[in-house]
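Just the heavy atoms: all of them, side chains too, but no hydrogens, waters or symmetry mates, feed the values below.
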Amino acid sequence: MREIDIFIYLVEWVICEPNFDEDYEGNTSKNPAAITKLRDNKIILVFDTFEPSDKLIKEAEGYDTFHEKCKFYHKEVENEKIINTFEGTFIDALKYIQKNFK
């Protein structure tokens, strides 16, 4: 099971592999979030500046890549201290962000 980080900033949020290389070009796919990058048909980055809407989450349910089960680590932005962990899909991660986005 892959381990994936979640960061929630003041005006944006990120779901990404640990140590994600921001310069990675990879495959930017047509998925519901503003930016979704894939490597080997697996999500390595999901990023957006708005709270995940019910519409976005429903749309994500139509993509196989969002159904992969992972262990998610919600981390503080400043020091990467773990706030919470859970196992679930990227859809579950979007719902988690929706609930915790302030």
Query - Lys42 backbone acceptor or donor facing Asp40 side chain under 3.5 Å - result: no
Query - Side chains of Phe66 and Thr36 in contact at under 4.5 Å (non-hydrogen atoms) - result: yes
Query raised in the report: Considering only heavy atoms from C-beta outward, does the side chain of Asp48 approach that of Trp13 to under 4.5 Å?
Result: yes
Query raised in the report: Which atoms form the tightest heavy-atom contact between Met1 and Lys69, and what is the distance?
Result: CG-O, 3.8 Å
Query - Heavy-atom side-chain contact between Ile43 and Ile15 under 4.5 Å - result: no
Report task. Look only at the side chain of Glu17 and the backbone of Ile44, and say whether a donor-acceptor pair between them is shorter than 3.5 Å. Result -> no
Requested in this report: Measure the CZ-CG distance between Arg39 and Leu45 for me, rounded to the nearest 0.5 Å.
Outcome: 10.5 Å
Report task. Drop me the distance from Lys95's NZ to Thr89's OG1, to the nearest 0.5 angstrom. Result -> 7.0 Å
Query raised in the report: Roughly how far, to the nearest 0.5 Å, is NE2 of His74 from OG1 of Thr85?
Result: 11.5 Å
Report task. With rounding to the nearest 0.5 Å, note down the distance linking CG in Asn100 to CD1 in Ile83. Result -> 8.5 Å
**Report entry** Distance-minimising heavy-atom pair for Tyr63 and Glu59
**Finding:** CD1-O, 3.3 Å
Report task. Consider only side-chain heavy atoms of I, L, V, M, F, W and Y, link residues closer than 4.5 Å, and tell whether Phe47 and Tyr73 are in one cluster. Result -> no
Query raised in the report: Mind checking whether Phe86 and Phe72 have parallel, tilted or perpendicular rings, split at 30° and 60°?
Result: parallel
Report task. Could you grab the distance from atom CZ of Phe90 to atom CG of Asp64, nearest 0.5 Å is fine? Result -> 13.0 Å
Query raised in the report: How far apart are the closest heavy atoms of Pro18 and Glu3, and which atoms are they?
Result: CD-O, 3.1 Å
Query raised in the report: Closest heavy-atom contact between Gln98 and Pro52?
Result: NE2-O, 2.9 Å
Report task. Identify the two heavy atoms, one from Thr49 and one from Phe101, that lie closest to each other, and give their separation to 0.1 Å. Result -> O-CZ, 4.3 Å
Query raised in the report: Roughly how far, to the nearest 0.5 Å, is the CD1 atom of Ile91 from the OG1 atom of Thr65?
Result: 9.0 Å
Requested in this report: Locate the shortest heavy-atom distance separating Tyr9 from Val77; write the atom from each residue and the value.
Outcome: CE2-CG1, 3.1 Å
